[in-house]
Amino acid sequence: MGAATSSPAPASSAPVPSLTSVFVRLKLSLLRNGLRQSGGRTAAYVVSIVFGVLFAAGMLLAFVLVRGHENAGTVAILLTGVVALAWAVMPLFVPSGDETLDPSRLVMLPLLPAPLVRALLVASLVGVGPVLTLFLAFGAALSVAHGAAATLVAVLAVPLVTVTCVALSRAVAAANIRLLTSRKGRDLALLSGLVIAVGMQVVNFAAQRLSQPGGMDAVAPAAAVVGWLPPAAAIGAVDAAGEGAYAVAAVRLLLTAAALAGLVHWWRRSLVRLMVEPDGSTIGAAPDPGARGKDGTGFLGRLLPGGRTGAVMERSLRYMWRDPKTKAAWVTSLAIGLIVPLFNALQGAGSIYWACFASGMLGMLMYNQFGQDTSAFWMVAQTLSTPADAYAELRARALALLSVTLPFTVLVTVLTAAVLGDWGLLAEGLGLSFGLLGAMLGTGAVASALFPYSIPQDSGYKNVVPGQAGLAWISIFGGMLMAAVLCAPLIGAAVYFRVADHHSLLWLLLPAGTLYGALLVWAGLRLAAPRTANRLPEILAAVSKG
């Protein structure tokens, strides 16, 4: 007999875990491994949890206190709308805050879009942000839920608000992921500081308005509109159910559910497009025939003077537009320089002197001119063999700054005078602003030569490399103090004219401030030029450390 042949053992039929559970465990593993990388990251995460818990507890207490107030619905709906807006813009400014925000890492996996969206949505609910949003939605619903019907609607509305906010964030991130992972996306992330600064001014302005008598009545129309916009419409549904408007409550709940379905569909289409369409790395960019003229000179170059002055000005202006750090500094200075004077004027507590805030913010951009070039400054240093060369370099950089700061200063001063309703203040405000701007540019040129420091390019949140913080403080605050001292004659003249009741002579501050500011710029450049030429090795070593 032949040897008996044994049949192969049947394959084990182990249950295959669902994609959702795999992604949830993956999210927890990413979180756990990220916290193990450093003690600082762990401490930051623990601190964020503590502050999140305290904030959630405070908001819950506030919602409990306003429960039963006539404006409770207005507060709950508007705060829910603000939270949803924050979820929408968060991925645009913090694209690297969560590794699961980038679905392009999954394009090589054999995953179907529908299960992938479901798994990502559930995994996205794991984190401090969604839990905090859940508590805020619970507090908002608690403040307006009156009666059994409203309570039943709140049970549906609270998770619906949370899931809609998370889906909105992920849909926006998936639709813009190629932008967010590109250089322009990193530029956009650098502007998060600007959003925070502007948001603080808006919150301050809104808080002062709301604290005035009848302030809540002024925002009631806005709440009526936001109450029909998902996901705030879900909280509006709870409010409507508490007032007996059951049809309105049902419509608002259906609007939020429809919005959630639309966001999921948009998210799914973005994932499909991301997985099947080529990106810019595989498609050659078409040449732009209109970028340069027949002589090879760009449009910007044709507007500037010739020679070294025009070349340096064009280089500086292109840095302002293309370099992420320089662009972020410019946009922040322009925005805050405009917002602070106008908001103070709108609040009724401002004066024309607030227009000088714009000159101060923009004048600070003259400080550390060579540090902005980073290690590329060695190419510029090859052309600075004499004090005359250094003077031409610094003068052109100052002219590039003035090409933007001078008209912007005029704009801010004119708008401030218009809001204040007193055009007689315009000449005084312009004169003081021009004088301060000249003082900042002059002292900035000297500080750039004496106290240069390097700006790191590998971090979007650090502006000074380790070990040079003292140089930065001396350069900026020392220069600002000296600029204030140099502006003392103009300030003294303004005070004298007002105290002595010579208001008819205040217009003299405009020509005096213009001439005095130009003199300070010229003097600062003359003082900085020989020091720049003599200290080139030290400057090059200082700005190349990053």
Side-chain angles (χ1 to χ4, degrees), residues 55-56 58-90 132-147 149-165 167-169 195 198-260 262-263 343 346-347:
F55 178 74
M59 292 300 298
L60 281 176
L61 179 60
F63 280 125
V64 170
L65 293 178
V66 300
R67 178 178 170 84
H69 194 275
E70 58 179 353
N71 293 317
T74 300
V75 174
I77 291 173
L78 289 180
L79 283 179
T80 305
V82 171
V83 171
L85 180 62
W87 274 99
V89 302
M90 180 179 63
L132 181 60
T133 303
L134 179 65
F135 276 97
L136 292 178
F138 174 75
L142 180 64
S143 65
V144 295
H146 302 285
T151 303
L152 179 62
V153 174
V155 172
L156 300 175
V158 171
L160 190 59
V161 169
T162 306
V163 176
T164 303
C165 287
L168 174 62
S169 175
V195 176
V198 174
M200 291 177 61
Q201 292 294 330
V202 173
V203 170
N204 180 38
F205 179 72
Q208 294 188 11
R209 287 289 185 180
L210 294 178
S211 62
Q212 296 176 358
M216 293 302 302
D217 296 334
V219 298
V225 175
V226 176
W228 287 95
L229 300 177
I235 302 300
V238 180
D239 189 24
E243 296 176 354
Y246 303 122
V248 174
V251 171
R252 289 180 171 178
L253 268 182
L254 289 176
L255 279 176
T256 308
L260 176 59
L263 289 171
F343 271 36
L346 288 171
Q347 292 173 11

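Side-chain atoms are counted along with the backbone in the values below, which use heavy atoms only and exclude waters and symmetry mates. What you are looking at is a predicted structure, and each value in this text was computed from that prediction instead of being measured. Positions are given from 1, in the same order as the sequence printed here.
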- Message: Checking Thr133 now: which residues fulfil side chain to side chain donor-acceptor pair (under 3.5 Å) with it, not counting sequence neighbours?
- Response: Trp87
- Item | Working for side chain to side chain contact (heavy atoms under 4.5 Å, CB included), residues Val161 and Phe138 | CA-CA 9 Å; Val161 169; Phe138 174 75; over 6 Å; no
- Of all heavy-atom pairs between Trp228 and Ala224, which one has the smallest distance, and what is that distance? CD1-O, 3.2 Å
- Message: Before you tell me yes or no, could you show the steps for Tyr246 and Val153 under side chain to side chain contact (heavy atoms under 4.5 Å, CB included), namely the whole-Å CA-CA distance, both residues' side-chain angles and the distance that decides it to 0.1 Å?
- Response: CA-CA 10 Å; Tyr246 303 122; Val153 174; over 6 Å; no
- Arg252 versus Ala240, closest heavy-atom pair with distance: NH1-CB, 4.4 Å
- Phe135 CZ: over 12 foreign heavy atoms closer than 6.0 Å: no
- Spacing of Asp239 atom CG and His146 atom NE2 [to the nearest 0.5 Å]: 7.5 Å
- Starting from the C-alpha separation in whole Å, work towards a yes-or-no answer on side chain to side chain contact (heavy atoms under 4.5 Å, CB included) for Leu78 and Val226. CA-CA 7 Å; Leu78 289 180; Val226 176; 4.1 Å; yes
- Task: Please confirm whether the backbone N or O of Cys165 pairs with a side-chain atom of Ser169, one donor and one acceptor, at under 3.5 Å?
- Result: no
- First locate atom CD1 of Ile235, then atom OG1 of Thr256, and finally report the distance between them rounded to the nearest 0.5 Å. 8.5 Å
- Taking all non-hydrogen atoms of both residues into account, name the closest pair between Leu168 and Ala88 and its distance. CD2-CB, 3.7 Å
- Note on the structure: Rounded to the nearest 0.5 Å, the CD1 atom of Ile77 sits from the OG atom of Ser143 at a distance of 9.0 Å
- Task: State the CG-CG distance between Leu160 and Leu260, to the nearest 0.5 angstrom.
- Result: 6.0 Å
- Shortest non-hydrogen contact between Val144 and Ala76, atoms and distance: CG1-CB, 4.2 Å
- Item | Distance (rounded to the nearest 0.5 Å) between Thr80 OG1 and Leu85 CG | 12.5 Å
- Looking at Ala141 and Ala154, what are the two nearest heavy atoms and their distance? CB-CB, 3.9 Å
- Item | Trace of the side chain to side chain contact (heavy atoms under 4.5 Å, CB included) decision for Met59 with Leu79 | CA-CA 10 Å; Met59 292 300 298; Leu79 283 179; 3.7 Å; yes
- If every non-hydrogen atom of Ala232 is compared with every non-hydrogen atom of Gly81, which pair is closest and at what distance? CB-N, 4.0 Å
